[in-house]
Peer 1: 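I am attaching a structure below and will ask some questions about it afterwards.
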Amino acid sequence: MDEIFSGSFTQQEPLSEAAIEAALGVLRHGRLHRYNVEPGELGEAALLEQEFAAQLGAKYCLAVASGGYALATALRAVGVKSGDRVLTNAFTLAPVPGAIASLGAEPVFVDVTEDLVIDLDDLAAKAGQARVLMLSHMRGHLCDMDQLMQICDAAGITVIEDCAHTMGAAWNGIASGRHGAIGCYSCQTYKHVNAGEGGLLITNDEEVAARAIMLSGSYMLFERHLAAPHPSVFDRIKYDTPNISGRMDNLRAAILRPQLRDLETQVTRWNARYNCIEAGLQDTPGLRLIRRPEAESYVGSSIQFLLLDWTADKLQAVIRRCGERGVELKWFGGAEPVAFTSRYDSWRYAKPQSLPQSDRILAGIVDMRVPLTFSLQDCALIARIIRAEVGAVFQSK
Ligand SMILES: *Cc1c(COP(=O)(O)O)cnc(C)c1O
């Protein structure tokens, strides 16, 4: 009998008692709106911002309604306007080009490499086309950030980091989100902290921070923030920065604060699972694992591998056969976008662009979530199933 996995790939762990207690505290007093505070009271949203800024070593932080909202706000805060071109990854998730399109700006896609990071040669070649790069650390893979910043600094490009999959990760000891001008994080259920929905934005630039806070809908109540620049900075920008409401509420902030304190523990647990699956897939014929450079500290909340240059039929056979044994794999090479696996050519609001190198790699990317509800035994079993099914299809010429 073939082994079957019966766990759920979308079930996260329940919230901790500390998070539940914090939520009940907010529910009991009823002041859910972030600016609804009693005299002298420090609201949960403001405290979350203060703590996240300290955790990341950033001067300023803003909590918002979603990761996608943080990205769009970052673009607005650095002055991107309708019609501007913005460089971004060809391999990313739909909210990234979506944030660019929400301003009427135009995404210019940069190739992905076989290590699933932005292709720095293609970036250098396209550097003259835009003054902003929205860099997506898609699926938690960090490119050589030192080299990327060199290219962007030399070309006068402002870097916004999409850290939806790299909260808790670092390159050469510097946290993801602290290399560029702005770092954006998502707090929705499938990322590294779970508020249902939510986003965080960090920066060291006082004017960017002030604009972001005004944009998020601060109604001139910015003095209630604890990780904001001096009020005099707001005086410079408050009359010409529109309110595009997208605040975070105190309930979400309350359940996030204890989760952020646990982040390091969770990262260790994720990586134990990732390493177990990776070890189980080592040297599977036809399957290429993604290299993780020495300088990269990652968070293994999902795992990817390449079935490079496989025919679509064979690839689909692997996905189907693993699915029949309870292992849910996502493929980025399908003709139609399914769930979150859309590709740059699925985003038809962007100008059509030809990226043959990315086409070849995207056609081979297989992706799997690794929720913390999986035990290490589960992970070993999942790896055995993938290994067996990839092997069976690979040999069936
Ligand atoms: C989830 C995600 C986002 C946006 O986050 P939301 O909170 O869902 O808006 C941005 N980029 C990537 C790569 C993501 O996976």
Side-chain angles (χ1 to χ4, degrees), residues 9-10 12 45 48 52 61-76 86-103 105 107 109-110 112 116-118 132-143 159-169 176-177 180 182-202 212 215-216 244-249 252-253 255-256 259-260 270 290 298-304 330 332 337-344 346-347 350 358 362 365 367-371:
F9 282 79
T10 51
Q12 307 298 325
L48 168 70
F52 193 63
C61 175
L62 173 69
V64 294
S66 73
Y69 182 89
L71 295 175
T73 302
L75 290 168
R76 289 193 168 93
V86 176
L87 293 160
T88 194
N89 307 59
F91 174 48
T92 184
L93 212 75
V96 178
I100 297 168
S102 77
L103 279 84
F109 297 112
V110 183
V112 61
L116 301 192
V117 294
I118 195 164
V132 174
L133 164 67
M134 176 157 279
L135 173 66
S136 184
H137 304 300
M138 178 63 171
R139 281 342 223 158
H141 298 277
L142 292 168
C143 70
V159 178
I160 297 169
E161 293 182 66
D162 165 24
C163 307
H165 305 158
T166 54
M167 181 189 274
S176 177
I182 306 180
C184 297
Y185 305 79
S186 169
C187 309
Q188 57 114 307
T189 301
Y190 300 110
K191 311 300 164 87
H192 298 173
V193 286
N194 178 9
E197 301 286 355
L200 290 160
L201 179 159
I202 56 165
L215 284 161
S216 77
I244 306 177
S245 283
R247 294 169 301 274
M248 180 181 282
D249 58 87
R252 286 190 171 84
I255 66 174
L256 285 171
Q259 293 184 59
L260 284 170
W270 258 308
I290 310 302
Y298 56 90
V299 183
S301 56
S302 69
I303 188 162
Q304 295 71 43
K330 306 282 185 202
F332 278 85
V338 180
F340 62 84
T341 60
S342 61
R343 277 194 315 250
Y344 77 91
S346 329
W347 306 321
S358 295
L362 284 161
I365 300 178
D367 175 79
M368 189 181 86
R369 281 201 180 109
V370 184

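Order of appearance sets the numbers: ligands from 1, and atoms from 1 within every ligand.
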Peer 1: Heavy-atom distance to atom 8 (O) of ligand 1: which of Gln188, Met138, His137, Met134 wins?
Peer 2: Gln188
Peer 1: Show, in sequence, the C-alpha distance, side-chain angles and deciding distance for Asp162 and Ser136, and conclude whether the side chain to side chain donor-acceptor pair (under 3.5 Å) test is met.
Peer 2: CA-CA 5 Å; Asp162 165 24; Ser136 184; 2.8 Å; yes
Peer 1: Look at the rings of Phe52 and Tyr185 and say which category their plane angle falls in: under 30° parallel, 30 to 60° tilted, over 60° perpendicular.
Peer 2: perpendicular
Peer 1: To the nearest 0.5 Å, how far apart are CG in Leu133 and CD1 in Ile118?
Peer 2: 5.0 Å
Peer 1: Please round to the nearest 0.5 Å and tell me the distance separating atom CD1 of Ile202 and atom CG of Leu62.
Peer 2: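 The CG atom of Leu62 is 11.5 Å from CD1 of Ile202, to the nearest 0.5 Å.
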Peer 1: State whether the shortest distance between N or O atoms of Ala164 and N or O atoms of ligand 1 falls below 3.5 angstrom.
Peer 2: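 Between Ala164 and ligand 1, no N or O pair is found under 3.5 Å apart.
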Peer 1: Run the numbers for me: atoms of ligand 1, each under 4.0 Å from some heavy atom of Ser186, listed by number.
Peer 2: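 Heavy-atom distances to Ser186 below 4.0 Å select 5 (O), 6 (P), 7 (O).
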Peer 1: Considering only the protein, which heavy-atom contact is closest to atom 9 (O) of ligand 1, and what is its distance?
Peer 2: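 Going atom by atom, the protein heavy atom closest to atom 9 (O) of ligand 1 ends up being Gly68 N, 2.7 Å.
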Peer 1: Taking both backbone and side-chain atoms of Gly67, is any N or O found less than 3.5 Å from an N or O belonging to ligand 1?
Peer 2: yes
Peer 1: State the atoms of ligand 1, each with its element, that fall below the 4.0 Å cut-off from a heavy-atom position in Val96.
Peer 2: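 Near Val96, the atoms of ligand 1 are 11 (N).
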Peer 1: Between Glu197 and ligand 1, which part of the residue brings a heavy atom under 4.0 Å of the ligand: side chain, backbone, both or neither?
Peer 2: neither
Peer 1: Tell me which protein heavy atom sits closest to atom 1 (C) of ligand 1, plus the residue, atom name and distance to 0.1 Å.
Peer 2: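 That would be Lys191 NZ, 1.4 Å.
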Peer 1: Which of the atoms in ligand 1, numbered in the order shown and given with their element, are less than 4.0 Å from a heavy-atom of His165?
Peer 2: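 Those qualifying, in numeric order: 13 (C), 14 (C), 15 (O).
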Peer 1: What are the two closest non-hydrogen atoms of Met248 and Leu48, and how far apart are they?
Peer 2: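 Result for this residue pair: SD-CD2, 3.6 Å.
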Peer 1: To which protein heavy atom is atom 11 (N) of ligand 1 closest, and what is the distance rounded to 0.1 Å?
Peer 2: Asp162 OD2, 2.8 Å
Peer 1: Measure centre to centre between the rings of Trp270 and Tyr298, then say whether the value is under 6.0 Å.
Peer 2: no
Peer 1: Evaluate the ring planes of Phe91 and Phe332, with Trp represented by its six-membered ring, and classify them as parallel (under 30°), tilted (30 to 60°) or perpendicular (over 60°).
Peer 2: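 The arrangement is perpendicular - the two ring planes meet at more than 60°.
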